[in-house]
Amino acid sequence: MSQKFSYAVHATDGSARLGTISTPRGDIRTPAFMPVGTAATVKAMRPESVRETGADILLGNTYHLMLRPTAERIDRLGGLHRFMNWDRPILTDSGGFQVMSLADLRKLTEEGVTFRSHVDGSRHHLTPERSMEIQKLLGSDIVMCFDECPALPADEMRVAESMRLSMRWAQRSRDAFGDRPGHALFGIQQGGVTQHLRAESAEKLREIGFDGYAVGGLAVGEGQEAMFGVLDYACDMLPEDRPRYLMGVGKPDDIVGAVKRGIDMMDCVLPSRSGRTGQAFTRRGVVNIKNARHQDDPRPLDEDCTCPACRSYSRAYLHHVFRSQEIISSMLLTWHNLHYYQELMGDMRAAIGQGRFAAFEAQFHADRADGDI
Ligand SMILES: CNc1nc2cc(C(=O)NN)ccc2[nH]1
Ligand SMILES: [Zn+2]
């Protein structure tokens, strides 16, 4: 365990990097996938099980936790790690993105955002300073700057104005965060899909100086081709000796393409959320377990998978408990999906370390059937 926050690159293969983020609560093997624990839980999973899938770090959502049970209550109860029984690193987002996508009656000013809770309609105010205070009360190890993520489609002028506001908020976040050894503050690059705006944002973030840099404002409907197009240049705009975090991504093939372009960390609700809707990700593609063709199938989801769902249950059983809306359905499919995502990350880390990422990527795409399996 290190008493401070640091990042080291062990190997590169093209733009892909193999690394380790060291924190006082444990090391994070990169490229890393962060399961999302929105309301202080990765839905349908006990934390011990999340760890068993191979996760080194979880994501917590400031927006949800500030509304319920509130950051002050979690602080009084010993902080988010104690509260949710997860003693390894936690990254919390700043609340900016989710206020814009979930809250009602939002009002955006230079100062911050006022909004009404989607839970009970109560009024709230988020600023860079309040977001830093909330994330400190939660006790998160990696804190995200408070920023604004413009909804697409947005014209270049709107994207530019939004990015420049976010850069002013990045400075305020940095000033409010202060000096907290062992804790990290990540800046977030914005600028939509416009290269010179992405460059201006990266320049400003480097001037302020952060422990890590996120690529924000993507996976908001631009499509994979446009997202990869941005990553082709955006990663190189960020310091190479700091972790690069792509927010909100993604499907397995998004993740492989992002790692190929130099991304070190990602988070996404997809594996857990789609587990609850009956979608299982496998090396050969997606299994929609609700499909009638599975109702007599004695095989596991994936013959090569060692997760509890694949070790002990048939597709027929998983089909039955999904159709019957049994709680075990969410438990088993979530576990399988998170296990698959962590296996994918482990396979990529090994491939980068052995200088065979291109071969890994070719095999990854060759294995996948089109459509459902
Ligand atoms: C699912 N797509 C997706 N895009 C995101 C972008 C951000 C962002 O720019 N925050 N500042 C956060 C979460 C996201 N989730
Ligand atoms: Zn499995």
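Side chains are part of it too, since the values below use all heavy atoms of this structure and drop only hydrogens, waters and symmetry mates. Please read all numbers here as calculations on a predicted model, not as lab measurements.
Residues satisfying the salt bridge (charged side-chain N to carboxylate O under 4.0 Å, His left out) criterion with R261, sequence neighbours excluded, are D232. By the side chain to side chain contact (heavy atoms under 4.5 Å, CB included) test, A170 is found to be paired with C145, L205, I208, F210, residues two or more places apart in sequence or in another chain being considered. The side chain to side chain contact (heavy atoms under 4.5 Å, CB included) test applied to T114 returns K107, H125, not counting sequence neighbours. R46 meets the salt bridge (charged side-chain N to carboxylate O under 4.0 Å, His left out) test with E48; sequence neighbours excluded. Annotation: salt bridge (charged side-chain N to carboxylate O under 4.0 Å, His left out) contacts of E207 (sequence neighbours excluded): K204. Checked against side-chain hydrogen bond (donor to acceptor under 3.5 Å, both in side chains), N288 has the following partners two or more places apart in sequence or in another chain: D372. Checked against side chain to side chain contact (heavy atoms under 4.5 Å, CB included), A202 has the following partners two or more places apart in sequence or in another chain: Q189, M237, L238. By the salt bridge (charged side-chain N to carboxylate O under 4.0 Å, His left out) test, E72 pairs with R130, sequence neighbours left out.
Side chain to side chain, S329 and Q325 fail the donor-acceptor criterion of an N or O pair below 3.5 Å. Donor-acceptor pairing under 3.5 Å is recorded for the side chains of T38 and N61. Residues H124 and S117 bring no donor and acceptor atom of their side chains to less than 3.5 Å of each other. Using modelled atom types, one finds no donor on one side chain facing an acceptor on the other under 3.5 Å when comparing T334 with H336. In this structure, a donor-acceptor pair under 3.5 Å is absent between the side chains of T127 and E111. At a cut-off of 3.5 Å, with distance as the only test, no side-chain donor of H320 or Q295 sits close to an acceptor on the other residue.
G182 and P24 get closest at one heavy-atom pair: O-CD, 3.4 Å. Between G191 and V159 the shortest heavy-atom distance is C-CG1, 3.4 Å. Pairing each heavy atom of L80 with each of A40, the nearest pair is CD1-CB, 3.8 Å. Smallest separation of non-hydrogen atoms from R82 and L77: CG-O, 3.9 Å. What you find for W169 and E110 is that their closest heavy atoms are NE1-O, 2.8 Å. Heavy atoms only, all atoms of each residue included: G278 and L333 are closest at CA-CD1, 3.6 Å.
Side-chain atoms of E222 come within 3.5 Å of backbone N or O of V220 as a donor-acceptor pair. In this structure, the side chain of H339 does not engage the main chain of N337 through any donor-acceptor pair within 3.5 Å. R244 places no side-chain N or O within donor-acceptor distance of the main-chain N or O of Y213, the cut-off being under 3.5 Å. Looking at S49, its side chain never comes within 3.5 Å of a backbone N or O of M45 through a donor-acceptor pair. Formation of a donor-acceptor pair under 3.5 Å by the R349 side chain with backbone atoms of P31 is found in this model. In this structure a side-chain-to-backbone donor-acceptor pair under 3.5 Å is present from S94 to G96. In this structure a side-chain-to-backbone donor-acceptor pair under 3.5 Å is present from T62 to D93. Using a distance-only test at 3.5 Å, with no hydrogens or angles considered, no donor-acceptor pair links the side chain of R315 to the main chain of D297. Side chain of R180 to main chain of F177: no donor-acceptor pair is present (N/O by atom type, distance under 3.5 Å, no hydrogens or angles). Between the side chain of S324 and the backbone N or O of E326 there is no donor-acceptor pair closer than 3.5 Å.
Taking 4.0 Å as the cut-off between side-chain N and carboxylate O, D211 and R242 do not count as a salt-bridged pair. Taking 4.0 Å as the cut-off between side-chain N and carboxylate O, R283 and D304 count as a salt-bridged pair. At a threshold of 4.0 Å, the pair D56-R29 counts as salt-bridged, since one of the basic side-chain nitrogens sits closer than that to a carboxylate oxygen. The pair D141-R25 meets the salt-bridge criterion, with a side-chain N (NZ, NE, NH1 or NH2) lying under 4.0 Å from an Asp/Glu carboxylate O.
Using cut-offs of 30° and 60° for the angle between ring planes, the Y341 and F281 rings count as perpendicular. Between Y63 and H118, the ring planes are parallel. Angles under 30° get that label, and only those over 60° would be called perpendicular.
The stretch residues 183-203 participates, sequence neighbours left out, in these salt bridge (charged side-chain N to carboxylate O under 4.0 Å, His left out) pairs: R164-E200. Contacts classified as side-chain hydrogen bond (donor to acceptor under 3.5 Å, both in side chains) and involving residues 142-152 (residues at least two apart or in different chains) are given here: D147-Q190, E148-R158, E148-S162. Counting only residues at least two apart or in different chains, salt bridge (charged side-chain N to carboxylate O under 4.0 Å, His left out) contacts with residues 117-127 are absent.
Under the 4.5 Å side-chain heavy-atom criterion for grouping Ile, Leu, Val, Met, Phe, Trp and Tyr, I289 is connected to I328 within one hydrophobic cluster. Connection of L138 to V99 is established within a shared hydrophobic cluster, with ILVMFWY side chains joined at heavy-atom distances below 4.5 Å, either directly or through further cluster members.
Residue-environment remark: CZ (R273) stays at or below the threshold of 12 foreign heavy atoms within 6.0 Å. For E303, the CD atom sits in a packed shell: over 12 heavy atoms of surrounding residues, nucleotides or ligands are nearer than 6.0 Å.
With rounding to the nearest 0.5 Å, the separation of CG in L58 from OG1 in T92 is 11.5 Å. Taking OG of S272 as the start and NZ of K43 as the end, the distance is 8.0 Å to the nearest 0.5 Å.
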Please walk me through it: do L126 and S131 pass side-chain contact (heavy atoms from CB on, under 4.5 Å)?
-> CA-CA 6 Å; L126 254 188; S131 178; 4.2 Å; yes
Check step by step if side-chain contact (heavy atoms from CB on, under 4.5 Å) holds for V230 and T194.
-> CA-CA 8 Å; V230 171; T194 306; over 6 Å; no
Begin with the C-alpha distance, continue with both residues' side-chain angles, and end with the deciding distance and a verdict on side-chain contact (heavy atoms from CB on, under 4.5 Å) for L231 and V215.
-> CA-CA 8 Å; L231 294 180; V215 179; 4.1 Å; yes
When you look at W86 and R51, which way does the side-chain contact (heavy atoms from CB on, under 4.5 Å) test go after all the steps?
-> CA-CA 9 Å; W86 171 267; R51 178 58 186 165; 4.0 Å; yes
Could you walk me through whether R172 and D175 pass the salt bridge (Lys or Arg N to Asp or Glu O under 4.0 Å) check?
-> CA-CA 5 Å; R172 285 170 55 188; D175 296 344; over 6 Å; no
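Contact check for M84 versus T41: no side-chain heavy atoms found under the 4.5 Å cut-off. With contacts defined as side-chain heavy-atom distances shorter than 4.5 Å, the pair F228/K260 does not qualify.
The hydrophobic cluster around M144 extends to F5, Y7, V9, I21, I28, M34, V36, I57, L59, L91, I142, F186, I188, Y245, M247, M265, V269, counting ILVMFWY residues whose side-chain heavy atoms fall within less than 4.5 Å of a member.
P271 pairs with exactly one of W335, F33, Y340 by the side-chain contact (heavy atoms from CB on, under 4.5 Å) rule, that one being F33.
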